[in-house]
Amino acid sequence: MWKIKVRERDRQNRKRIKAAIFLCVVLLGLVFFYYRFYKVVPTFSQVTYEYGERVSQEITDYLSGTDWSVGLGELDLSQVDEGSTGVYEAVVRHGRSEYTYSVVIEDTIPPQILRKEGKIYLAAGREHGVEEVIAGINDADPEAEAFFAEGEDILSEIGFDRTGEYEVEVLARDRAGNESRARFAVTVDTPPVFAGIHNFYCVPGSAPDFRESVTARDDVDGNLTKDIRIDDSGVSLDQAGEYTLRYTAEDSFGLETTEEARVLIAAPEEIQELIGRRQIDYRQDTIIGAPNIYDSGASGHEDLEETLEYLRPAFVQLYHATGRGGYSAGSGYIMEITEDSIYICSNSHVVEKFQDWDIYFYDGTVVPGRAVGTSDIYDVGVAVVDLADVDEELLAQLMTVHIDGQYWESLDRQDIGLALERIDRKGGLLHRTTGKLIKIKQAFVWNDQRDHTEVTVELVHGDSGSAVVDGYGNLICMAYAYSTEPLRYWCIPLDGILDCYQEITGRLPYVY
């Protein structure tokens, strides 16, 4: 019995010894595995990169150990901003371990200023940016900038009033404060100069000549007109809208001048409204398709003196020499300018006296004219001048009186300022009279008792046929006659002028 118990105890001891030996072997194997195959260590605690360098994403740059074990690590760079300098934290997770690294991104390299090939030319009288002097800057920082430097002053632009040779300094700076400087020799020359650029106002389907009257000249190269580049790529002549036209002239030094013009494509009535408000003018703009491009328009403010000065190209004098120093004369104003004629309105008691007239324009120019006819309704007569007899330079200044029917019919107030002006045959002012409106339609004893316009504008001999206008430039009536006891001054009302004009010519001028 005792022997059995001893044997059992020995057997148990042997099992324990074997288990202990197995455990030791396992532990030794694990220790060997850990240190021989699994263990990793960080390769650094802090690393520095130059701004613009790519931060390493290779796990092997962060851990040291067997390839197998290092490959088990997970790199986290989510807190690292490669687009900015600074100190950031990178993390590597390996099993239950976590390793933290400091990643420093710094910018220590100044920007490189790139030079242009060849000589540098700048235009006198303009402000120039640094991009016109240098080819650019090379730097890891995309927000690095370049400026002009004058001593301690930093300038975004530089300009020269006189031509000549100059030296300029350029400073390049990045966000880290790194700087570089370079000096450049520049030649300052006069750029090309344009003349005759103007805006275009046309109806759809027009074919304006964008080169008409446009010239370019340079002090060194002379006439550059034939080399003008016109960019009309954004202009649609068939579609209503507002477009921009660009003219560019370049001299032999590469200096360019670019100017823009407005192109408005619109309905005839829309363009005429711009003329009527004096926002556009055929003497300065190209206008195609409007009913009356010569209309003088109405001012936005009331000023009789200014209005008469402006309207003078619409006034004429009718003159006929009768022999032995005698003559007959009267006033008139331009109602219409057509493709072949200039129609002039006056009193019938002026026009009916002779078939042939000398027509004197505001600058003293005289051309032959002839009577078209007169009316029995009101004292209205019409004369005409052939457009071919009018010098182009003069034609480019003439205008017609402004007729706003709606405005005229709305005149229910008295005492608005009115005036007339007569020009002499030498291109000067012969007579000017101002006054007030009494009533737009007033009973008149003579002339079949038709209503006439009564004014306080004093009418004297020779005023017959003069246009009477208000301070905005609207034609209100035409000087006619005066009555005595009491003294009263009478004019042909606007609606009467229009009816008689149509009766005589078969035409009707543009009426707003």
Side-chain angles (χ1 to χ4, degrees), residues 110-139 141-174 178-200 208-235 242-263 284-286:
Q112 178 186 9
I113 300 174
L114 305 178
R115 293 181 175 270
K116 287 185 174 182
E117 295 184 2
K119 294 186 69 174
I120 301 170
Y121 292 94
L122 300 179
R126 295 182 185 169
E127 294 297 314
H128 299 275
V130 72
E131 69 279 357
E132 297 179 68
V133 174
I134 66 175
I137 54 177
N138 185 19
D139 192 72
D141 183 359
E143 297 185 29
E145 297 181 275
F147 310 89
F148 290 111
E150 286 188 356
E152 298 299 321
D153 296 329
I154 303 300
L155 307 174
S156 59
E157 293 182 319
I158 197 169
F160 302 90
D161 294 329
R162 298 181 180 180
T163 60
E165 304 290 331
Y166 297 88
E167 188 175 68
V168 298
E169 184 176 25
V170 174
L171 164 70
R173 176 188 295 159
D174 60 24
N178 299 305
E179 293 183 356
S180 59
R181 294 174 180 253
R183 302 190 72 84
F184 297 84
V186 299
T187 300
V188 177
D189 183 38
T190 53
V193 177
F194 281 110
I197 291 180
H198 54 278
N199 296 325
F200 294 83
D209 181 3
F210 292 143
R211 291 187 177 273
E212 181 185 7
S213 77
V214 179
T215 61
R217 184 169 184 81
D218 182 74
D219 288 345
V220 174
D221 299 302
N223 192 342
L224 296 175
T225 302
K226 63 181 179 60
D227 297 319
I228 294 174
R229 302 194 304 272
I230 300 178
D231 181 5
D232 60 354
S233 58
V235 179
E242 185 172 342
Y243 308 97
T244 298
L245 187 66
R246 290 181 177 83
Y247 295 85
T248 301
E250 181 179 358
D251 66 16
S252 57
F253 293 148
L255 296 179
E256 287 188 347
T257 297
T258 298
E259 292 191 17
E260 296 182 348
R262 180 191 189 197
V263 179
Q284 300 168 357
D285 309 299
T286 292

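- Atom CD1 in Ile158 sits 8.5 Å away from atom CG in Leu122 (nearest 0.5 Å).
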- Task: Output, in order, the C-alpha distance, side-chain angles, deciding distance and verdict of side-chain contact (heavy atoms from CB on, under 4.5 Å) for Arg181 and Ile113.
- Result: CA-CA 8 Å; Arg181 294 174 180 253; Ile113 300 174; 5.5 Å; no

- Could you walk me through whether Thr257 and Arg126 pass the side-chain hydrogen bond (donor to acceptor under 3.5 Å, both in side chains) check? CA-CA 10 Å; Thr257 297; Arg126 295 182 185 169; 2.3 Å; yes

- Task: Evaluate side-chain contact (heavy atoms from CB on, under 4.5 Å) for Asp189 paired with Val220, printing each intermediate quantity in order.
- Result: CA-CA 9 Å; Asp189 183 38; Val220 174; 3.9 Å; yes

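- For Ala144 against Ile137, the heavy-atom pair with the smallest separation is O-CD1, 3.3 Å.
- With hydrogens and angles left out, the side-chain atoms of Thr187 and Glu165 include a donor and acceptor closer than 3.5 Å.
- Residues Glu169 and Arg183 have side chains in contact (heavy-atom distance under 4.5 Å, counting atoms from C-beta outward).
- Side-chain polar atoms of Thr225 and Thr215 form no donor-acceptor pair below 3.5 angstrom.
- Taking each heavy atom of Arg162 and Val188 in turn, the nearest pair found is O-CG1, 3.4 Å.
- At a threshold of 4.5 Å between non-hydrogen side-chain atoms, the residues Asp174 and Glu143 do not count as touching.
- A donor-acceptor contact shorter than 3.5 Å is absent between the side chain of Thr248 and the backbone of Thr258.
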- Please report the C-alpha distance between Lys116 and Glu131 in whole Å, then the side-chain angles of each, then the deciding distance to 0.1 Å, and finally whether the salt bridge (Lys or Arg N to Asp or Glu O under 4.0 Å) criterion is met. CA-CA 10 Å; Lys116 287 185 174 182; Glu131 69 279 357; over 6 Å; no

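- Scanning all heavy atoms of the two residues, the minimum distance from Phe200 to Pro208 falls at CD2-CB, 3.8 Å.
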- Query: Between Glu145 and Arg173, is a salt bridge (Lys or Arg N to Asp or Glu O under 4.0 Å) present by the stated rule, with each step listed?
  - Reply: CA-CA 6 Å; Glu145 297 181 275; Arg173 176 188 295 159; over 6 Å; no

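- No side-chain heavy atom of Asn138 sits under 4.5 Å from any side-chain heavy atom of Pro111.
- Looking at Val193 and Arg217, their side chains never come closer than 4.5 Å, going by heavy atoms from C-beta outward.
- For the residue pair Ala216 and Asn223, the shortest heavy atom distance occurs at O-OD1, 3.3 Å.
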- Worked verdict on Val263 versus Phe210 for side-chain contact (heavy atoms from CB on, under 4.5 Å): CA-CA 10 Å; Val263 179; Phe210 292 143; 4.3 Å; yes

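- Smallest separation of non-hydrogen atoms from Ala261 and Ile197: CB-CG2, 4.1 Å.
- The shortest side-chain heavy-atom distance between Leu255 and Glu250 does not fall under the 4.5 Å cut-off.
- To the nearest 0.5 Å, atoms NE2 (His198) and OG (Ser213) are separated by 4.5 Å.
- Minimum interatomic distance between Gly196 and Val214 (heavy atoms only, all atoms of both residues): O-CG2, 3.6 Å.
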- Message: Evaluate Arg229 against Glu256 for side-chain contact (heavy atoms from CB on, under 4.5 Å), listing each step before the verdict.
- Response: CA-CA 11 Å; Arg229 302 194 304 272; Glu256 287 188 347; 2.9 Å; yes

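- Looking at Phe184, Phe160, Tyr121 one by one, the single match for ring-ring contact (aromatic ring centres under 6.0 Å, His included) with Tyr166 turns out to be Phe160.
- Distance check, rounded to the nearest 0.5 Å: CD of Glu132 to CD1 of Ile134 gives 11.0 Å.
- Within the 4.5 Å cutoff, the side chain of Arg262 has no heavy atoms near those of the Leu245 side chain.
- Judged by distance alone, with hydrogens and angles left aside, the side-chain atoms of Asp251 form a donor-acceptor pair with the main-chain N or O of Gly254 at under 3.5 Å.
- Ser252 and Asp221 form a side-chain donor-acceptor contact under 3.5 Å, judged by distance and modelled atom types alone.
- Interatomic distance, Ile228 CD1 to Lys226 NZ, rounded to the nearest 0.5 Å: 11.0 Å.
- At least one donor-acceptor pair closer than 3.5 Å links the side chain of His128 to the backbone N or O of Ala123.
- Annotation: side chain of Phe148 is in contact with side chain of Val168 (closest heavy-atom distance under 4.5 Å).
- Between Phe194 and Tyr247, the angle of the ring planes goes over 60°, which puts this pair in the perpendicular group of the 30/60° scheme.
- A salt bridge between Glu259 and Arg246 is absent, with no side-chain N of the basic residue lying under 4.0 Å from a carboxylate O of the acidic one.
- At a threshold of 4.5 Å between non-hydrogen side-chain atoms, the residues Leu171 and Glu179 count as touching.
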